[in-house]
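We number each residue from 1, following the sequence as shown. When reading the values below, keep in mind they use all heavy atoms of this one structure, side chains included, and skip hydrogens, waters and symmetry mates.
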Amino acid sequence: MPPATLHADSFGNPLTLDDAASLPLVDDFVMGFVSTEARAVNLLALADRDASPIAQAYCATLHLFAESREAAANARPFLDKARAGMARATPREQRYIAAIQAWSEGDIAKAIALHAEQAREHPRDLVSVKLGQYHCFNTGDCPGMLRLALAALPAAADVPYLHGMAAFGYEQCHLMRDAEASARHAIGMCRKEPWAHHALAHVMLTEGRLSEGLAFMQGVSETWTGLNSFMVTHNWWHVALFLIELGHDTEALAVYDREVWGVVKDYSQDQIGAVSLLARFELADIDVGARWDDVNGYLVQRTADHVLPFLDLQYLYGLARAGRPEADALLRNIEAHAPHAPLSARAAWEHVCVPAARGLVAHARGDFASAIEGLGMALPRLLEIGGSHAQRDLFEQVYLDALVRAGSQATLTGAQGILQQQFNGQPESLRLRRQASAVYARLGLEQLASRL
């Protein structure tokens, strides 16, 4: 093999490549990954053409992002090649390879620690920063997301995508003014910054700025071109959330049909986006027709995945909501997997995912007392399974629905407390107004219902 040559990516990070012709595809990955563009996968064309360690590690990264039970096995050949060439890689590349190895082995705590080191030592390695944020997000470590972005910011303030990463870290830490300022700064630098759009959508949803949020997201949606399926479908998912809250039911269903479901149907994130929206539609008394059927044709293949508890719970609820018998198999598999999950994630699986899973299946089957019990155990620790505040709100909506449907004085009282607090923060929400009015009527407080 000829000696490797040192090049640099678009952020100025040295790259040890065997073939100079590989640089454009490696840079497609680097820039595409950071900007959430589909061109990141162009790198896979190098799988058999360039054995340089960093190129192979980047290929492994793409395979692991499949978030499927086969992902680690599919990534292994590339990691083996990357590790075999470690001696000729730079220290930055070596640390990145070690982080991907830790990820493939399920040692997410080690992976996060390596990405944090990388942010300190090589703050313009924004692939590493974004990947570290991904792991922190999936383990509920919101401060960790923010630390990674802020560690890199002094050296990479010229990169709009880093400001978008900071914005989402701030938002998940409930620092809304900082989040909005960072998101708007990113968008000012580059209007096509979909991750910053996404962060600002979170701010506006959380603050009850529903009409403003809908107008903003619709106003920037023409820039959502060339993105990976997660980013484009997830931003439209946020549009659909605003539409549901504002009572635009027909338009929300149209967004689901046109923009959310059908881009890459076999991808985990596209599947959970569909499950989440269909469930929210039904919880808001919007008829989804036969839409569950197509989604569940893909979910039935997920009964033994167990990549992330956050994903499994949504696969499970989709299957149970549609009355599929595979829900029982997935629930049994979750219960069996939890005690043997990787140590860093075991508590989340055992003490959050298992009771939540039981509660979700119970709700889907009309056993509201068991739904309240299971979800009630899980909700105080739900952050541990990852996902965003807006995404985890699905489980809170299911719990609220169970309280209402159980129909006792005690459960309706609990529902009133939740609904009124939520409506106080989102006075534009027609969904919450309808739900709160119905609960007040059942509590014999019709005069309060009329004031909403």
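Of the N and O atoms on the side chains of Asn424 and Gln420, at least one donor lies less than 3.5 Å from an acceptor on the other residue. Side chains of Gln101 and Glu105: a donor-acceptor N/O pair is present below 3.5 angstrom, by distance only. Defined by atom type and a distance below 3.5 Å, a donor-acceptor pair is missing between the side-chain atoms of Gln56 and Arg83.
The side-chain hydrogen bond (donor to acceptor under 3.5 Å, both in side chains) check on Asn13 picks up Asp9, with sequence neighbours excluded. Applying the ring-ring contact (aromatic ring centres under 6.0 Å, His included) rule to His163 yields the partners His185; only residues at least two apart in sequence or on another chain are considered. In this view, His115 and Ser128 satisfy the side-chain hydrogen bond (donor to acceptor under 3.5 Å, both in side chains) rule, not counting sequence neighbours.
Surrounding CE of Met189 are more than 12 heavy atoms belonging to other residues, nucleotides or ligands, all under 6.0 Å away. Counting non-hydrogen atoms of neighbouring residues, nucleotides and ligands closer than 6.0 angstrom, the CD atom of Glu259 exceeds 12 such neighbours.
Looking only at distances, a side-chain donor or acceptor of Gln94 sits under 3.5 Å from a matching main-chain atom of Met86. Judged by distance alone, with hydrogens and angles left aside, the side-chain atoms of Ser276 form no donor-acceptor pair with the main-chain N or O of Gly273 at under 3.5 Å. Looking at Gln118, its side chain never comes within 3.5 Å of a backbone N or O of Pro123 through a donor-acceptor pair.
For the side chain to side chain donor-acceptor pair (under 3.5 Å) with His202, the lone residue among His197, Gln391, His238, His389 that qualifies is His238.
You'll find the ring centres of Phe395 and Tyr317 outside the 6.0 Å limit. Here the two rings, on Trp103 and Phe65, have centers that are under 6.0 Å apart. For Trp195 and Tyr161, the ring centers are positioned 6.0 Å apart or more.
To the nearest 0.5 Å, the span separating CG on Asp294 from NZ on Lys265 amounts to 3.5 Å.
Aromatic ring pairs are classed by plane angle as parallel below 30°, tilted from 30° to 60° and perpendicular above 60°; the pair Tyr298 and Trp261 is perpendicular.
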